[in-house]
Asker: 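Attaching a single structure in structure tokens format; questions to follow.
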Amino acid sequence: MSKTYGYARCSTNESKQDINRQIKDLTAAGAEDVIFEYEHGDAKVKQQLQLLLDMAQEGDSIITLEVSRLSRSTKQLCEIVDIIKRKKLRLVIVGSIIVDCRNGDIDPMSQAFIQMSAVFSELELSIIRARVKSGMANAKAKGKKVGRPVLTKENLPSVFLKHYPALMEGKMNVSELARVCGVSRPTVYKYMKIL
């Protein structure tokens with residue numbers, strides 16, 4: 001029996017972005033199980049999305065609210081669509097595009113729309129980054145200090161310091177520590193290097 005999965009993603013952790021709206025909307029759209037994660041749109045690895053794609057069986061549906069939730073990289077989105085096609089799944093972008101590959105093929109119009117959506121999603125991210133870079137250069141030109149404060153042992157997040165001993169005692173691995181602290185694995189390694 002086929003199943004309908006929802007996929008939700010936010011770029012930053014729950015203290016900065018609320019993923020519950022996506023989960024609620026996906027459930028209302030028919031998702032029986034919603035997989036979610038906090039990861040950047042153009043991240044090369046989205047662990048929960050990969051888990052979902054591995055878990056989905058022929059005939060299943062994956063629904064999400066926007067193309068940009070899946071990826072902000074045209075190349076990555078095309079790779080995801082290839083998996084959808086190969087595994088004979090159905091991908092639904094709520095209120096927008098349906099890519100039904102349950103017969104093992106994708107119609108040319110759906111293929112074109114999903115690829116165009118990927119291009120616009122990647123363009124949007126590039127525009128945002130260009131604006132941020134321009135704003136930082138402008139602030140710097142006005143003499144303002146830009147960028148993140150320098151991290152030291154004294155200003156590492158308290159949640160990291162609280163759980164770090166469990167990592168050192170072998171009770172937790174780096175991935176678990178990252179998840180508990182709401183940061184990425186590279187950030188955990190950066191904090192460890194500071195300590």
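Here the structure is a predicted model, which means the values were calculated and not measured.
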Asker: So, do L161 and L195 sit near enough that their side-chain heavy atoms are less than 4.5 Å apart?
Answerer: yes

Asker: Find the distance between NZ (K88) and OG (S2) and round it off to the nearest 0.5 Å.
Answerer: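 It is 14.5 Å, given to the nearest 0.5 Å.
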
Asker: Could you pull out the closest heavy-atom pair between R185 and A178, with the gap in Å?
Answerer: N-CB, 4.0 Å

Asker: Using side-chain heavy atoms (C-beta onward) and a distance below 4.5 Å, is R9 in contact with L49?
Answerer: no

Asker: Which distance, rounded to the nearest 0.5 Å, do you find between the SG of C10 and the NE2 of H40?
Answerer: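 C10 atom SG to H40 atom NE2 measures 11.5 Å (nearest 0.5 Å).
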
Asker: If we ignore hydrogens and angles and just use 3.5 Å, is the side chain of Q48 paired with the main-chain N or O of E37 as donor and acceptor?
Answerer: no

Asker: Do L52 and V34 sit in the same hydrophobic cluster, where Ile, Leu, Val, Met, Phe, Trp and Tyr count as joined when their side-chain heavy atoms come under 4.5 Å apart?
Answerer: no

Asker: Side chains of S117 and I97, heavy atoms from C-beta outward: is any pair under 4.5 Å?
Answerer: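 They are in contact (side-chain heavy atoms under 4.5 Å apart), so the answer is yes.
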
Asker: Could you please spell out the steps behind the side-chain contact (heavy atoms from CB on, under 4.5 Å) verdict for L70 and I93?
Answerer: CA-CA 10 Å; L70 293 172; I93 312 299; 4.2 Å; yes

Asker: Where does the angle between the aromatic ring planes of F36 and Y38 fall among parallel (under 30°), tilted (30 to 60°) and perpendicular (over 60°)?
Answerer: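 The arrangement is perpendicular - the two ring planes meet at more than 60°.
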
Asker: Is it true that the side chains of D18 and N20 contain a donor and an acceptor less than 3.5 Å apart?
Answerer: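 Result is yes, a qualifying pair exists.
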
Asker: Could you tell me whether E176 atom CD has more than 12 heavy atoms of other residues or ligands within 6.0 Å of it?
Answerer: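 Counting neighbours around CD of E176, more than 12 heavy atoms of other residues, nucleotides or ligands fall under 6.0 Å, so yes.
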
Asker: Could you check if a side-chain atom of D105 sits within less than 4.5 angstrom of a side-chain atom of K85, using non-hydrogen atoms only?
Answerer: yes

Asker: Contact between L91 and I114 at the side-chain level, heavy atoms closer than 4.5 Å - yes or no?
Answerer: yes

Asker: Give the minimum heavy-atom separation between S71 and S121, together with the two atoms involved.
Answerer: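 Heavy-atom minimum between the residues: O-OG, 3.5 Å.
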
Asker: If you compare all heavy atoms of V146 against all heavy atoms of M136, which two are closest, and at what distance to 0.1 Å?
Answerer: CG1-O, 3.7 Å

Asker: Would you say Q50 and V45 make side-chain contact, with heavy atoms under 4.5 Å?
Answerer: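 Q50 vs V45: side chains apart.
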
Asker: Can you tell me if F113 has over 12 outside heavy atoms packed within less than 6.0 Å of its CZ?
Answerer: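 No, CZ of F113 has 12 or fewer neighbouring heavy atoms, counting only those of other groups under 6.0 Å.
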
Asker: More than 12 heavy atoms of other residues, nucleotides or ligands under 6.0 Å from OH of Y191: is that the case?
Answerer: yes

Asker: Report the C-alpha separation of I194 and K153 in whole Å, then their side-chain angles, then the decisive distance to 0.1 Å, and conclude whether the side-chain contact (heavy atoms from CB on, under 4.5 Å) test is met.
Answerer: CA-CA 6 Å; I194 291 167; K153 290 179 186 178; 4.2 Å; yes

Asker: What heavy-atom pair brings L89 and Q57 nearest, and what distance separates the two atoms?
Answerer: CD2-O, 3.0 Å

Asker: Look up atom CD1 in I106 and atom CE in M109, then write down how far apart they are to the nearest 0.5 Å.
Answerer: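 If I round to the nearest 0.5 Å, the distance is 12.0 Å.
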
Asker: How far does CZ of R179 sit from CG of N173, to the nearest 0.5 angstrom?
Answerer: 7.5 Å

Asker: If you measure from OG on S126 to CZ on R131, what distance do you get to the nearest 0.5 Å?
Answerer: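 Those atoms lie 11.5 Å apart.
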
Asker: Any side-chain donor-acceptor pair under 3.5 Å between Y7 and Q22?
Answerer: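 No.
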
Asker: Starting from the C-alpha separation in whole Å, work towards a yes-or-no answer on salt bridge (Lys or Arg N to Asp or Glu O under 4.0 Å) for R72 and E124.
Answerer: CA-CA 8 Å; R72 285 195 178 269; E124 181 182 31; 2.8 Å; yes

Asker: Distance-only, no hydrogens or angles: does the Q76 side chain make a donor-acceptor pair with backbone N or O of A43 under 3.5 Å?
Answerer: yes

Asker: Can you tell me if E32 uses its side chain to pair, donor with acceptor, with the backbone of K3 under 3.5 Å?
Answerer: no

Asker: Would you kindly confirm whether M116 and V99 end up in one hydrophobic cluster when ILVMFWY residues are joined by side chain heavy atoms under 4.5 Å apart?
Answerer: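 Both belong to a single hydrophobic cluster.
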
Asker: For D107, does its backbone N or O pair with a side-chain atom of D100 as donor and acceptor, under 3.5 Å?
Answerer: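 Not at all, since once roles are kept as given, no pair shorter than 3.5 Å links the two residues.
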
Asker: Identify the two heavy atoms, one from A29 and one from V94, that lie closest to each other, and give their separation to 0.1 Å.
Answerer: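 Result for this residue pair: CB-CG2, 4.0 Å.
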
Asker: Quick one: do L26 and I23 satisfy side-chain contact (heavy atoms from CB on, under 4.5 Å)? Show the steps, please.
Answerer: CA-CA 5 Å; L26 289 167; I23 294 170; 5.7 Å; no

Asker: When hydrophobic residues are tied together by side-chain contacts of less than 4.5 Å, even through go-betweens, does Y164 share a cluster with V159?
Answerer: no

Asker: Write down the atom of K46, the atom of G41, and the distance for their closest heavy-atom approach.
Answerer: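 Closest heavy-atom pair between K46 and G41: NZ-O, 2.9 Å.
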
Asker: Taking a hydrophobic cluster as the set of Ile, Leu, Val, Met, Phe, Trp and Tyr residues connected by side-chain heavy atoms closer than 4.5 Å, whether directly or through intermediates, do M172 and V174 fall within one such cluster?
Answerer: yes

Asker: Do V119 and L77 share a hydrophobic cluster, counting only Ile, Leu, Val, Met, Phe, Trp and Tyr and linking them when any side-chain heavy atoms are less than 4.5 Å apart?
Answerer: no

Asker: With rounding to the nearest 0.5 angstrom, report the CE to CG distance, M1 to D60.
Answerer: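 The CG atom of D60 is 10.5 Å from CE of M1, to the nearest 0.5 Å.
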
Asker: K171 side chain to P165 main-chain N or O, any donor-acceptor pair under 3.5 Å?
Answerer: no

Asker: Evaluate side-chain contact (heavy atoms from CB on, under 4.5 Å) for M192 paired with L167, printing each intermediate quantity in order.
Answerer: CA-CA 10 Å; M192 289 169 65; L167 175 75; 3.7 Å; yes

Asker: Report yes if the side chains of I84 and L53 come closer than 4.5 Å at any heavy-atom pair, otherwise no.
Answerer: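 The answer is yes, as the side chains (C-beta and beyond) meet within the 4.5 Å cut-off.
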
Asker: I want to check something: taking the side chain as every heavy atom from C-beta on, are R86 and I83 in contact at a cut-off of under 4.5 Å?
Answerer: yes

